[in-house]
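Working notes for the structure below.
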Amino acid sequence: MVNYKKLGLVNTREMFQKAIEGRYAIPAFNFNNMEQMQAIIQACVETRSPVILQVSSGAREYANQTLLRYMAQGAVEYAKELGVAIPICLHLDHGDSYELCVSCIKMGFSSVMIDGSHLPYAKNVALTRKVVKYAHRYDVTVEGELGVLAGIEEKVSAAKSVYTRPDEVEDFLTKTGVDSLAISIGTSHGANKFRPEQCTRDEHGILIPPPLRFDILEEIERRIPGFPIVLHGASSVPQDKVAVINRYGGKIVDAVGIPEEQLRRAATSAVCKINIDSDGRLAMTAAVREAFATKPAEFDPRKYLGPARKALKELYKHKTTHVLGSAERV
Ligand code: G3H
Ligand code: 13P
Ligand code: ZN
């Protein structure tokens, strides 16, 4: 058993409290390799933003949980070396079982998500309560979820979103004791968040997605004032990155994300954690494809992973400064 506090990591409690009071959101960036981790830390140190390093169970299988834990520990030291000891949380994204959450907590994670959103309500409550009971013994914070996002949620694919029911949230909080709640108000995982027929098009043929359901968010806030809310599936799918990918041989069709101004609006509410993974994947892929196409003689991975890391860092700095408002909060 390794306690995250010994590693210099923090849980989400104080981060979220400050984010709600300051009307901004903490970035939760997914990572599964060194370049992503470096880009996240460099960006958050340079913009003085707290950060949540997020590990999915897929990432855990890809990179090995022990290595990721040491990378997060390394991230704490790396941030100090870069000059600012920003608060860093190591969070399990979409934990799908009690055993997985326990394993991560024992390994040094400071926060876990137990995603029982696909289960019937009573089963979601029971599973989430069990995880909270274990996690709180070690002062590890827990994120639960109510409502189902469309798209891919950890191997489970939902064709249609099921919005969070505001009349369930108080009961869920009381019965489970969770520290934060992920809700479904129209965001979606991946780079194709909406089918073209759900969208309208602007004069250039760019897809305009249906707006987020701020009415549901407001009703939830009314019922649980000041309680930390989480938005998953919050990538904006930058069209310039999609264009670079497609220019250099990629095939990403009808990709559409959540407009940044809607995320900015959400960040000023009780939404205090915003999850972003797909935008990073697009930024990296665009840079790698461009490097391959424009420098075909290069075969040193640093010559394409280096530009990918730089593009990621710029993307993350943009997020903390212009979207989430978490920059200059440390
Ligand atoms: O919500 C899902 C995250 O984007 C993680 O995706 O399971 O492919 O690592 P992954
Ligand atoms: P995106 O696919 O929109 O980046 O969402 C990521 C996410 O919610 C991770 O849990
Ligand atoms: Zn998610």
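Order of listing sets the numbers, starting from 1, for every ligand and every atom in it. Computed from heavy atoms alone, side chains included, the values below leave out hydrogens, waters and symmetry copies.
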Quick one: do the His118 and Glu145 side chains pair a donor with an acceptor below 3.5 Å?
no
Output the list of atoms in ligand 1 that are nearer than 4.0 Å to some heavy atom of Ser56, sorted by atom number.
5 (C), 7 (O), 9 (O), 10 (P)
Residues with a heavy atom under 4.0 Å from ligand 2, by chain and number, are Asn30, Gln54, Asp93, His94, Ser188, His189, Gly190, Lys193, His232, Gly233, Ala234, Ser235, Asn275, Ile276, Asp277, Ser278
Which of the listed options, Asp115, Asp277, Ile276, Asn32, holds the heavy atom that is closest to atom 5 (C) of ligand 1?
Asp277
Based purely on interatomic distance, does Asn30 place a nitrogen or oxygen under 3.5 Å from a nitrogen or oxygen of ligand 1?
no
Taking all atoms of both residues into account, what is the closest heavy-atom pair of Thr176 and Phe172, and its distance?
OG1-O, 2.6 Å
Residue-level breakdown please: for Gln54 versus ligand 1, do any non-hydrogen atoms fall below 4.0 Å on the side chain, on the backbone, on both, or on neither?
neither
Please determine whether a side-chain nitrogen of the Lys or Arg among Lys319 and Asp279 lies less than 4.0 Å from a carboxylate oxygen of the Asp or Glu.
yes
Numbered in order shown, the ligand 1 atoms found under 4.0 Å of a heavy atom of Arg281 are 4 (O), 5 (C), 6 (O), 8 (O), 9 (O), 10 (P)
Closer than 4.0 angstrom: is that true for some heavy atom of Glu61 and an atom of ligand 1?
no
Minimal heavy-atom distance between Tyr4 and Gly108, with the atoms involved, is CB-O, 3.1 Å
One residue to check: His94. Relative to ligand 1, which of side chain, backbone, both or neither has a non-hydrogen atom less than 4.0 Å away?
side chain
Are side-chain N/O atoms of Lys273 and Gln54 paired as donor and acceptor at under 3.5 Å?
yes
Have Tyr121 and Asp171 got a donor and an acceptor in their side chains that come within less than 3.5 Å?
yes
Please name the atom of His94, limited to N, O or S, that comes nearest to the Zn ion (ligand 3).
NE2
Identify whether the distance between the nearest side-chain nitrogen and carboxylate oxygen of Glu218 and Arg265 falls below 4.0 Å.
yes
Looking only at the side chains, is there a donor atom on one of Gln65 and Ser103 sitting less than 3.5 Å from an acceptor on the other?
yes
Residues passing the ring-ring contact (aromatic ring centres under 6.0 Å, His included) test with Phe227, sequence neighbours excluded, are none
Main-chain N/O of His322 paired to Arg264 side chain as donor or acceptor, under 3.5 Å:
yes
Nearest N/O/S atom of His232 with respect to the Zn ion (ligand 3), by atom name, please.
ND1
